Amino acid sequence: MKKLLVLMLTGVMVLSMVGCGSSSSTETTTEAEETTDEEETEVEEEAEEVEETEAEETSDADSDLAYVQEKGTLVVGITDFEPMDYKDEDGNWIGFDADMATAFAESLGVEVEFVEIDWDNKILELDGKTIDCVWNGMTLTDEVMSAMDCSNAYSSNSQVVVLAADVAEDYADVESLADLSFAVESGSAGEAAAEDNGLSYTSVSNQANALMEVAAGTSDAAIIDLLMAEAMVGEGTSYEDLTTGVVLVDEEYGVGFRQGSDLVAMLNEFFAESYADGSMTEIATTYGIENSIIAQ
């Protein structure tokens, strides 16, 4: 009987111990699961923070606006092209494009910086980030618009023949130009016009040099922008003996940015506001091109 009682007590103790062990194990498992859930939540939150940071960094890296504002300057690629971009007596860049670019930079909260470029290399300069935009009476050709993101057109223009005033009446149409030698700016709409019309030409670095070629007699004529011709040849100018002749092609000007640039939308908005408040027309009137401005 005593043995039976001992065995029964022993069994109860064992069962009691097993029961206690099961309770502890369950509690430990529950605590472990809760800890795992907390850790997973923390990991997920950290991952989301990293993704958000990377997204912001990617967005900033792709943003020309952020890039320009971070460095504090809008670098504008230009050539010497009166009345759009040229220097005053103190060596400061002025002109319709120069003044508009300065105002646009101010609207972005940055300084403007003008850099003279080889016009033929404008796309390379832009993609290489040595400049932030091309703003220099740039004709919106198919080539330009396929290589850059461009603003809305803001000015009309033409490619026109410039030649000696005393022979101009002898060259009143395209057919009569066949025997003349032309000077054109390399990579310009003037060069394209010469090619399209089968004219013989020599490429020079800019339109001002094309006029110098004609004045020096090393070329019979030049093909340049009408806006420049109206400002630089004829009575009261440095080239009084030259005049405008045949108009070869009509065109429009725009500003070029890197492909995908968010500055394009910013500039289009700036153009619209400037046209609406009259400041665009006021600047154009300063340089005598008010009749060429396109409504925004």
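Atom set for the values below is all heavy atoms of this structure, side chains included, hydrogens, waters and symmetry mates excluded. The shown structure was predicted, so the numbers you read here are calculated from the model rather than taken from an experiment.
Looking at heavy atoms from C-beta onward, Val233 lies out of side-chain contact with Thr243 at the 4.5 angstrom threshold. Looking only at side-chain heavy atoms (C-beta outward), Asn206 and Glu185 come within less than 4.5 Å of each other. Residues Tyr171 and Val246 form no side-chain contact, since every pair of their non-hydrogen atoms from C-beta on lies 4.5 Å or further apart. A heavy-atom distance below 4.5 Å is not found between the side chains of Val76 and Ile131. Side-chain contact between Leu65 and Leu108 is present, with heavy atoms from C-beta onward closer than 4.5 Å. A 4.5 Å side-chain heavy-atom check between Leu267 and Val255 finds at least one atom pair inside the cut-off.
Hydrophobic cluster membership for Val204: none, as no Ile, Leu, Val, Met, Phe, Trp or Tyr side chain comes under 4.5 Å of it.
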Open item on the list: The test is side chain to side chain contact (heavy atoms under 4.5 Å, CB included); show your working for Asp225 and Tyr253 and say whether it passes.
Closed with: CA-CA 11 Å; Asp225 292 67; Tyr253 287 160; 2.3 Å; yes

- [ ] Kindly indicate, with the supporting measurements, whether the criterion side chain to side chain contact (heavy atoms under 4.5 Å, CB included) is fulfilled by Val134 and Met148.
- [x] CA-CA 9 Å; Val134 181; Met148 308 178 192; 4.0 Å; yes

Task: Working for side chain to side chain contact (heavy atoms under 4.5 Å, CB included), residues Thr79 and Glu116 - done: CA-CA 5 Å; Thr79 66; Glu116 282 193 85; 5.5 Å; no

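Within the 3.5 Å criterion, the main-chain N or O of Leu227 finds a donor-acceptor partner in the side chain of Asn157. A donor-acceptor pair under 3.5 Å is formed between the side chain of Asn197 and the backbone N or O of Ala193. Within the 3.5 Å criterion, the main-chain N or O of Met138 finds no donor-acceptor partner in the side chain of Asn136. A donor-acceptor pair is defined here as one N or O able to donate and one able to accept, closer than 3.5 Å; such a pair exists between the side chain of Thr237 and the backbone of Tyr239. The backbone N or O of Phe104 sits less than 3.5 Å from a side-chain atom of Ser107, completing a donor-acceptor pair. Ser261 places no side-chain N or O within 3.5 Å of a backbone atom of Phe257 that could act as its donor or acceptor partner. Of the possible polar contacts, none joining the Glu82 side chain to the Ala229 backbone as a donor-acceptor pair under 3.5 Å is found.
Side-chain atoms of Glu191 and Ser203 form a donor-acceptor pair, as typed in the model, at a separation below 3.5 Å. There is no side-chain donor-acceptor pair under 3.5 Å between Asp149 and Gln259. Glu195 and Tyr201 share a side-chain donor-acceptor pair at under 3.5 Å. Using modelled atom types, one finds no donor on one side chain facing an acceptor on the other under 3.5 Å when comparing Ser156 with Glu252. Side-chain polar atoms of Asn268 and Ser151 form no donor-acceptor pair below 3.5 angstrom. There is a side-chain donor-acceptor pair under 3.5 Å between Thr139 and Glu251. Side chains of Ser181 and Asp220: a donor on one and an acceptor on the other come within 3.5 Å.
Ion pair Asp132/Lys71 flagged as a salt bridge, since at least one NZ, NE, NH1 or NH2 atom sits closer than 4.0 Å to an Asp/Glu carboxylate oxygen. Under the 4.0 Å criterion applied to side-chain N and carboxylate O atoms, Arg258 and Asp127 are not assigned as salt-bridge partners.
Aromatic rings of Tyr287 and Phe96 (six-membered ring for Trp) have centroids beyond the 6.0 Å cut-off, not under it.
Note that CG of Leu199 and CG of Leu180 are 8.0 Å apart. Values are rounded to the nearest 0.5 Å.
Under the side chain to side chain contact (heavy atoms under 4.5 Å, CB included) criterion, Thr102 pairs with Glu106, Val112, Phe114, sequence neighbours left out.
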